[in-house]
Structures are given as structure tokens and as C-alpha cells.
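Report on one structure; see the data block that follows.
When reading the values below, keep in mind they use all heavy atoms of this one structure, side chains included, and skip hydrogens, waters and symmetry mates. Just so it is clear: chains get the letters A, B, ... in the order the sequence lines come, proteins before strands, and each one is counted from 1.
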Amino acid sequence: MHAYRSHTCGQLRKDHVGQTVRLSGWVFRRRDHGRFLFIDLRDHYGVTQLVFHPERDFFEAATHLKYESVITITGHVIAREGNTINPAMPTGEVEIVVDELVIQSFAAPLPFLVDDKDGGPEELRLKYRFLDLRREKLHKNVVLRARIIASLRRRMTDAGFMEFQTPILTSSSPEGARDFLVPSRLHPGRFYALPQAPQQFKQLLMVAGFDRYFQVAPCFRDEDARADRSPGEFYQLDIEMSYVTQDDVFEAVENVVYGTFAEFSDWRIDDGKGPAPFVRIPYRESMLKYGSDKPDLRIPIEIRDVSEVFRDSGFAAFAGAVKGGAVVRAIPVKDIAAQPRSFYDKLGDFAQSVGAKGLAYLVYNAEGVKGPIAKFLSPEQMEALRAQCGAEPGDAVFFVCDKESAAAKIAGQIRVKLGRDLDRVEKDVFRFCWIVDFPMFEYDEEAKKVEFSHNPFSMPQGGMEALLNKDPLD
RNA sequence: GGAGUGGUAGCUCAAUUGGUUAGAGUACUAGCCUGUCACGCUAGGGGUUGCGGGUUCAAGUCCCGUCCAUUCCGCCA
């Protein structure tokens, strides 16, 4: 028999009963009943219950085994009867009566329990990363990641793409974020930059004639973290294709995204019928309706532009701003009028925390329209707002006023906040979309025209010659 | 870089308007228990309440500073 195991801890079933087996793993749980002892043994594959009896000379040692000690046992498989069967465990119909025990590694007391749901403070979890990764949730996440990457590689290869590795120690290529820098030994005082994305290298591969490239690409960006953005480094599926149109790229990406999500998730995808073209939304429309270029389409709230209604209104703050070039964005919400005053106040606080100067609103109920700004608006203006926002009794409409880009962004964040707080986000479904017709240029703070941050096509100043003459260590 | 929130036992948390010796669960140690599966029961050890200063008869609690964490803004394909 193999020195460490004949089976894994997730493997044994009723038809193994009577066999002598050897298992290795970590002491996951321990239940000491005095005259006998249960230990749940865990490895990568699962958990199996071991039974120790006191007539064995290693019984005393077994009762002192700490959580996460590594042991190898030899024993015989027996069936569990009646209510000793554990239907929650895949191996719950059998257990191992231990005949031999080898303690491979005796664990010290743990800083946190592997059986814990969340494992405690991040600092501790990172210090004892090997323990953290033993926790079921993280272990599953890492396995899922490996399976997804394998699936992506298979799908891309099947679609005729070839995988390349592009350089990590490179010269800086402006992508917008700060570069990570690595000091150069051969050129003291000068630095390599880590790539923020393989953009220029993959384009080089197309120029060089390789036609279809992909890479599970490491990207490095020296920026601060966000809730949905880990700092420093991450991996992305990176693609480049030659002699194609926008639609060809969309089709290639839709196939791999649809297939991968369908393979690994039970959630519906769009209509749930199979690969279909993803919804396409022009940039301007997305910024207006959702206040974002990555809209969450599961939230049934659409922003409207009502600037013209306020232009000649008696609400001086908005009217003046609109005449000065600002816009007013309305966020209509269904069935919300019954919310207490505090709800509106808290939302106002939130609006200010994301940069709004204030948050105006109107509430529609059976008696009519109420709200702090109602008295500043004429009956005709009120009717125009009601019609443009599709407001009915029970609804409310929120208004933000600012320069166009700021108003869009603020309204977009309020839309998402409302969707989540009111539990209006559609459940168990992915709603993919393409944002198309991105602008090539935008205005910066001094109202000068500059390249839009995501514009991938403008040639750098000086053209191709400048690129070729560029010092790689600059 | 700016703002908000938080920091009490190894871990998760409690401690009334400022008021006795800062508690509980878990982990750890010792003991009991023949069918548990987060086993149960008894007892024990474990604390500079992040750190420094201040107010007060009295500070975990209030004030100031500082460090750390976290969320948002700035930044970010």
C-alpha cells in the first residue's frame, strides 16, 4: 500500500465497506467521547469520519491531536447504521475504524479556526495565508478560478486563438494609471515599468502577422483599492484580432463570455435561451439613462433629462445653473412614496457624499404632489415633469443638477444605491451589454480638447517614429 | 492627498447617563462522558480596552493628537 494514502478523504462510499484503506489529511474536527473518539479528516477532496477506540496504544496520542495536525491513518471501512449516518457528508454513509496512526506534523494552537466562516482580521489571514486557504470558501474560490482559466484557454484555443506571453519588465506606456517601477541594475537610477496591460505588445503581434492572440494577462496598476477593485495586480483575458470588424470582435467575445458563464453559473443570461447578441448601448445613451459606462441593467430605474423644465422655473438654484450650462437629471422610482422622511434625508446625505450639491425630490401620492421644490414650479412645469418621468401615485422622482458629466455620475450612483437599498436588483441573472460609440475626445478641466481616456486609436505625438525612437527605459 | 466610521482576551463580540474586581462564546489546559458529526458537561489559565496626552473624585465610555483598519471622494480599462 502507498505510504500516504490509498484513497482520498472525499472518496469512500458504501461499496468500500470491508476494505483496508490508508488516508492522509488534516484534523478538521474532533469529538472526544472518553471511551472513543471521532476525528473528521480533511484533504483537498473532502472529509471522512475516523473512529478511534481506547484499546489501541495510540488512543491517548489521538485524543491530544490539535486541529490542523497532519496525520496518516490505516484502518478498515465500516458502514454507518441508522441515525449515525450523516446525509450532509458525501462520505457520510461510512467511517474508518483506525488501526494505525502516524502523526506527520503536530499543529500548534491556531490563530483562527479553519472551520470559521470568515477567518477574522485580514492582517491575520494574510500572515497565515496557508491556513486561510484551507478554509472551505477560499479553497473553493481558488479551485473555481483554476477551472475558469482552464475553460477560457480551451474556448480561446478552440476558436483559433494562440496564447502568447508578453514582457513583464518593460518601458512605461501611458495607460492612465501609475506604473509600478523596478530599479535597473545595468542602468543605475533608471527603472523598468510593469505593464498596466499588454496593449502595445499584442498590437505588435498583430503587426507581426500572428492574426489571433490571447493571453491570461497579468496587469499591474499602482492605484488605490476599491470595494470591487483589488489594488496592485490582477489578471485579465486579453484578446487581439487582425482583419476584423467591431462585430467580429463582439461575436468572439460573446461566445467565450456566454459559454464560460453558462458553464460555471446557474444564473440566467439575458433571455436564457442561449448565445444571443448582447444588448448594445451607445455611450451617450448609457451615460444619460444609467449615469455610467458600465451600467447595471438589472436595476429597473432609468434616468431622464429634465433640464428644460427647470430652465425658466422659479427654482432659482436649478434655473440659474441650467442657464449657466448645467443639466438636471431626474431619477424616477416606482412605489416608494410610503418611505419615511428619514429615507429621503439619508439619500440626500448619500448624494452629498458622492459629490452632489443637494438632492431635490417630488413625491406623488393620491392627494397630489409634495416635496420641498413643489412650490417653485408652475402647474405646467409640474405636469411636464410628471409626463417626462412617467410618474404615477406612489412614485417619487429625485433631481440632481450639475455640469453634465458630474450630474450623470451622481445620478448613476443614486440609481444604483436606490436599486440595492430597495432590493429592486433583478435576482439570479446576468445582463450583459456592449457600450458602443465611445467618444474619441473629451474636454478637460480647462475646457481643452484631450484624448478620451479610453480612446485606443489616437497616435501618440510624433507618430510611429517617436515610438520607435523611444528609449525603452524612459 | 481629503472626508466618514471603527479599534476591548488568539478569534467573534458585550459592558446602561462616565461609577465595584472589564464579561460571554470559541480556542487553549486539566478532568468526566459508548454514537457524535459546530457533540455535551465541570473547572482553570488568558486583558497596558491600538498608542500618547488631557478633563474628572472616577474614563473602555468624554476631548485632543497619533497609528492602524475600512468605506467613499480624488485616482483607476
Separation of atom [atom1] in [X] from atom [atom2] in [N], rounded to whole Å:
X        : N      : atom1 : atom2 : answer
A:Leu126 : B:rA69 : CG    : P     : 11 Å
A:Lys294 : B:rC76 : NZ    : C1'   : 10 Å
A:Glu68  : B:rG10 : CD    : C1'   : 15 Å
A:Leu124 : B:rA27 : CG    : P     : 17 Å
A:Asp421 : B:rU71 : CG    : C1'   : 14 Å
A:Ile435 : B:rA77 : CD1   : P     : 17 Å
A:Lys127 : B:rC11 : NZ    : P     : 11 Å
A:Phe350 : B:rG4  : CZ    : P     : 17 Å

Provide the distance between the two [atom1] atoms, one in [N] and one in [M], to the nearest whole Å.
N      : M      : atom1 : value
B:rG46 : B:rA27 : C1'   : 11 Å
B:rC67 : B:rG53 : C1'   : 15 Å
B:rA3  : B:rA59 : P     : 31 Å
B:rC51 : B:rG44 : P     : 28 Å
B:rU21 : B:rG54 : C1'   : 27 Å
B:rU56 : B:rA9  : P     : 30 Å
B:rA15 : B:rA22 : C1'   : 7 Å
B:rG4  : B:rG10 : P     : 31 Å

Listed partners of [X] passing side-chain contact (heavy atoms from CB on, under 4.5 Å), at least two apart:
X        : answer
A:Arg280 : A:Asp247, A:Phe250, A:Glu254, A:Trp434, A:Val436
A:Arg284 : A:Glu404
A:Asp248 : A:Val244, A:Thr245
A:Phe234 : A:Cys219, A:Arg221, A:Gln236

What parts of residues 408-419 of chain A reach RNA chain B, counting only heavy atoms under 4.0 Å away?
->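 RNA chain B contact set from residues 408-419 of chain A: A:Lys409, A:Gln413.
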Pairs touching residues 4-15 of chain A that satisfy salt bridge (charged side-chain N to carboxylate O under 4.0 Å, His left out), sequence neighbours left out |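 Salt bridge (charged side-chain N to carboxylate O under 4.0 Å, His left out) check on residues 4-15 of chain A returns A:Arg5-A:Asp43, A:Lys14-A:Glu93.
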Pairs touching residues 194-208 of chain A that satisfy salt bridge (charged side-chain N to carboxylate O under 4.0 Å, His left out), sequence neighbours left out |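 Of all non-adjacent pairs touching residues 194-208 of chain A, those that pass salt bridge (charged side-chain N to carboxylate O under 4.0 Å, His left out) are A:Lys202-A:Asp238, A:Lys202-A:Glu240.
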Which part of the nucleic acid does A:Leu37 contact within heavy-atom distance under 4.0 Å: base, sugar-phosphate only, or nothing?
->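 A:Leu37: no heavy atom of the nucleic acid under 4.0 Å.
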Residues forming a side-chain hydrogen bond (donor to acceptor under 3.5 Å, both in side chains) with [X], sequence neighbours excluded:
X        : answer
A:Lys409 : none
A:Gln165 : none
A:Arg329 : A:Asp305

RNA chain B: A:Phe234 or A:His64, which has the more 5' nearest nucleotide?
->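 The residue whose closest nucleotide sits nearer the 5' end is A:His64.
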With sugar-phosphate taken as primed atoms, P, OP1 and OP2 and all else as base, the protein-contact string of nucleotides 36-49 of chain B at under 4.0 Å (heavy atoms; B, S, -) is BBSB----------
Minimum heavy-atom distance between A:Tyr213 and A:Leu205, given as atom pair plus value |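 Looking at all heavy atoms of both residues, the closest pair is CD1-CD1, 3.5 Å.
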Which of these, A:Arg153, A:Arg155, A:Arg147, sits in a side-chain hydrogen bond (donor to acceptor under 3.5 Å, both in side chains) with A:Ser151?
->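 The single option meeting the side-chain hydrogen bond (donor to acceptor under 3.5 Å, both in side chains) with A:Ser151 is A:Arg155.
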What class does the angle between the rings of A:Tyr361 and A:Phe398 fall in, given that below 30° is parallel, 30 to 60° is tilted and above 60° is perpendicular?
->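 If you compare the ring of A:Tyr361 with that of A:Phe398, the planes turn out tilted.
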Give the stems involving RNA chain B, where a stem is 3 or more consecutive Watson-Crick or G-U wobble pairs (i with j, i+1 with j-1, and so on) under 3.5 Å.
->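 For RNA chain B the paired stretches long enough to count as stems (3 pairs minimum) are B:1-7 with B:67-73, B:10-13 with B:23-26, B:28-32 with B:40-44, B:50-54 with B:62-66.
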Taking atom CD of A:Glu285 as the centre, report whether more than 12 heavy atoms of other residues, nucleotides or ligands fall under 6.0 Å from it.
->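 Count over threshold, so yes.
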